[in-house]
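Some notes on the structure that comes next.
A quick note: this is a predicted structure, and the numbers were derived from the prediction, not measured.
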Amino acid sequence: MFASDAWAPYQPGAGRPWDLALAAHLLRRAGFGANWSQLRQALADGPQAAVDRLLAPPADLESFERRASALEAPSEISESAGAGECAQLWLYRMRETPWPLLEKMTLFWHNYFAVAAERVGKACLMAQHLRLLRRNALGRFDAMLRDISRDPATLIALDARSTLKAKPPEAFAAALLDLYTLGPGLSSASDVREAARAFTGWSVLRDEFHYRESEHDAGAKSGDEVVATVLKNPATARRVVRRLYAWLVSETESPDDALIAPLAESFAKDYDIAKLTGVMLRSNRFFSAASYRQRVKSPVEYALSIATALDAPVAPATLYGQLARLGQRLLDPPTKEGWAGGRRWLNRYTIVGRSNLAAALLAAAKPEKQERVPELLLQNEIKQELTPYALVTLPEFHLS
Amino acid sequence: MMPLTRRTLLMAPAAGWLMQAAQAAVDHPDPYGTVLVVLQLAGGNDGLNTVVPYQDDQYARARSTLRLGAGQVLKIGAGLGFHPELRGFARLLQAGRLAVLQGVGYPHMHRDHNIGMRNWQTASPIAAGQTGWLGRAADRASDPGSGNVPAVFVGEIAQPLSIRARQVVVPAIAAAEDWTLAASAAVPDAGRANPLANFAARTSTAAFADACRLDAVLHSSGPRLYPQFPLAQSFQTVARLMRAEMGIRIFLVELGGPSPGGFDNHSNQAGNHAAILRELSESVAAFCDDLAQDRLLDRMLLMTYSEFGRQLTENGRHGTGHGAAAPVFLAGGKVKGGLVGAHPGLSDLDDDAPKPHTDFRAVYATALDRWLGMPSRPILGQDFQPLDVLG
């Protein structure tokens with residue numbers, strides 16, 4: 001497939017008709033799965049209109065936002081309960097939101113910046129960090145990166161709580177270059193030292209970003225200049241596009257540069273994340289076999305795909321603990337690189353844990369809802385009648 | 001692999017499947033290699049009242065109320081005695097199944113609980129890394145496409161950093177029941193066109209077979225005597241997972257709970273220390289006795305660690321302050337039993353605490369290179385000479 005064909009909008013045809021399986025594929029990747037009525041809606045809309053609806057849902061987003069933010073108000077978050085409570089409120093959002101793509105992209109950026117509550121130590125700063133990710137999740141990457149460089153949680157997690165002329169934040173600079181923008185192996189040790197000097201004087205004071213002019217290394221650039229420089233480097237756009245490709249399209253293959261180049265060139269011009277996301281979701285590539293069931297569901301995707309299909313509410317506190325045992329403690333990725341994911345989500349323990357989680361979610365749903373599961377999942381792949389439990393423990397159901 | 005198909009599962013009653021699974025475990029005794037069980041002792045164990053230099057006058061003078069005398073300790077030679085509650089350890093030592101590595105630590109040991117523990121957990125006393133040494137071993141032991149589980153944490157607290165991996169999802173379980181299936185699942189057919197689906201199918205088959213063998217172990221084992229201590233229950237879980245032959249090479253268990261930990265005795269140490277050492281000794285002894293019944297003891301090596309020992313001089317509140325070097329215990333069927341290395345001298349102290357003469361990473365290297373057969377250098381970041389403590 002030439003790159004231009006790959007990224008051209010998918011038009012259903014005899015070779016690749018728009019059917020339930022593809023509609024379900026879209027709703028898995030651009031959200032947390034679907035119930036029967038959402039699937040029928042997408043099927044009736046056709047692929048392009050279905051993507052329009054995902055990018056800009058015709059729903060009352062404001063009233064949901066008011067409800068969710070009221071729960072997340074700083075006065076409602078207790079420091080003693082820790083960031084776990086923020087994560088649980090996030091699970092509530094993921095399950096209840098009228099705009100699943102926004103939460104799915106927030107999860108993508110959480111894994112991208114991989115700030116861990118354990119290193120930050122304060123729940124209110126994690127809540128603020130999460131709001132930053134959500135605010136920018138479908139916005140502009142350049143704006144997000146500037147916000148991230150001033151984000152108290154990010155600075156603390158990367159040992160830059162208090163930077164001095166004599167103590168430049170090298171871990172922060174290394175993460176900015178190697179993880180957040182250019183990618184590993186593209187900057188030298190002296191690049192990192194130079195960048196670190198530019199961020200001297202940046203610090204966190206009373207939970208807020210604070211710039212101390214007197215501690216800024218006068219001979220160095222400013223932090224904003226470093227951010228602007230890495231944003232001009234084409235490697236940055238390529239890295240984000242590749243990461244988003246693995247998130248939305250496929251994680252089983254490393255795409256050719258030729259496939260990535262057109263998207264990266266366009267993305268570098270405006271850093272418009274929603275536009276990039278739209279191009280990927282609408283594309284021939286996305287609706288081809290190169291993408292179909294070429295991702296492993298993370299624990300949260302696995303659990304919510306069942307709850308969504310059943311129209312079942314989830315108990316966020318319980319679910320948070322269950323997901324942690326399956327390797328995904330939300331807001332606490334294991335390392336600065338985020339979760340390894342992919343095949344690593346599935347092992348001889350997690351398969352058992354996922355099956356038990358599925359059994360618990362099914363038991364909590366109404367029987368008449370359970371009966372609907374088989375018809376809306378795996379329609380074209382499984383020809384035989386299976387119980388809902390047998391269905392959600394099938395190998396394919398662990399894949400997205 | 002287990003001769004299970006969707007057909008046999010759907011046709012046979014669940015009990016038949018379990019028996020088949022149990023039979024499979026018997027047919028393949030010992031298909032897996034050696035097992036390392038690491039025991040974290042949180043709080044900083046008082047090495048001087050664990051392996052007691054009861055003949056040393058300096059010890060007796062400095063420990064005005066906590067000292068253990070010749071009439072109390074369990075003598076183990078070289079002028080040393082075990083704390084009187086370490087009866088199980090004394091028995092294991094006599095049987096040649098326990099080694100006492102003395103004076104273990106690292107230069108300028110950190111005396112803060114969190115930093116000290118982090119140093120032992122990451123095996124990086126200079127710049128603490130993001131992963132634990134056992135987690136790094138797990139990452140190296142498991143290919144991403146294998147679905148194998150090389151390491152497990154058994155306990156009630158949050159998973160300690162020692163076993164945090166970059167790649168592998170390391171299970172944290174409280175009991176063996178956490179690894180069994182609430183409802184039996186269909187074993188998938190093989191032969192899918194999509195390699196990723198094939199991987200999920202293979203892993204599911206292996207996982208369901210593991211869960212069934214474990215279930216069979218839980219139902220078939222005769223009475224095995226473990227005391228009621230939480231640590232003993234953790235060891236029983238480890239023994240069950242070993243019997244189910246799930247290919248796990250590394251187990252982490254813990255005593256002392258979350259930081260600062262039950263070994264941290266700044267006041268009224270005598271009673272607390274005695275109680276926790278009793279839990280330690282009786283639990284380890286029960287575990288070794290259990291494994292010895294099925295000849296599993298020869299496959300198992302147990303190793304303890306604590307973030308630091310304690311100061312020599314009592315603090316005036318019947319307790320002790322944070323110290324430095326302390327003994328590490330090894331137990332198992334292949335251990336060269338006995339005392340290893342000299343007891344750190346009490347006349348040459350570092351801020352009132354015994355100085356280490358053996359680097360803890362040499363002990364880790366021994367476990368990795370000589371026991372698990374995993375090259376230690378990439379896991380520890382540099383070479384350490386393994387100790388000659390395994391037979």
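- Between the side chains of B/N194 and A/E396, not a single donor N or O lies within less than 3.5 Å of an accepting N or O.
- No side-chain donor-acceptor contact under 3.5 Å links A/R343 and B/S146.
- Across all non-hydrogen atoms, the minimal contact from A/T393 to B/A185 is OG1-CB, 4.0 Å.
- Between chain B and the residues A/E337, A/R329, A/R119, the most heavy-atom pairs under 4.5 angstrom are made by A/E337.
- With a 6.0 Å radius and a threshold of 12 heavy atoms from other residues, nucleotides or ligands, A/H110 has its NE2 atom above the threshold.
- The closest side-chain heavy-atom distance from A/Y349 to B/V169 is not below 4.5 Å.
- Using a distance-only test at 3.5 Å, with no hydrogens or angles considered, a donor-acceptor pair links the side chain of A/Y389 to the main chain of B/A183.
- The CZ atom of A/R348 lies 13.0 Å from the CZ atom of B/F208; values are rounded to the nearest 0.5 Å.
- If you tally non-hydrogen atom pairs under 4.5 Å between each of B/N198, B/V170, B/T131, B/N148 and chain A, the highest count goes to B/N148.
- The two residues B/R192 and A/L394 make their nearest non-hydrogen contact at NH2-CD2, 4.3 Å.
- Around the CZ atom of A/R161, the shell of radius 6.0 Å holds no more than 12 heavy atoms that belong to other residues, nucleotides or ligands.
- In this structure a side-chain-to-backbone donor-acceptor pair under 3.5 Å is present from A/N356 to B/T180.
- Shown here is B/E156, whose CD atom has no more than 12 heavy atoms of other residues, nucleotides or ligands within 6.0 Å.
- Judged purely by atom type and a 3.5 angstrom limit, B/Q130 uses its side chain to pair as donor or acceptor with the backbone of A/K336.
- For the pair B/R166 (side chain) and A/T335 (backbone), a donor-acceptor distance under 3.5 Å is absent.
- How far CG of B/D178 is from CZ of A/R325: 7.5 Å, rounded to the nearest 0.5 Å.
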Could you give me the CA-CA distance, side-chain angles and deciding distance for A/V296 and B/L196, then say whether side-chain contact (heavy atoms from CB on, under 4.5 Å) is met?
CA-CA 8 Å; A/V296 176; B/L196 194 60; 4.0 Å; yes
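- Residues B/F199 and A/P395 fail the side-chain proximity criterion, which asks for heavy atoms closer than 4.5 Å.
- Contact annotation for A/L399: only side-chain heavy atoms (C-beta onward) come within less than 4.5 Å of a heavy atom of chain B.
- Nearest heavy-atom pair across B/L181 and A/S355 is CD2-CB, 3.7 Å.
- With a 4.5 angstrom heavy-atom cutoff, A/Q294 touches chain B via backbone and side-chain atoms both.
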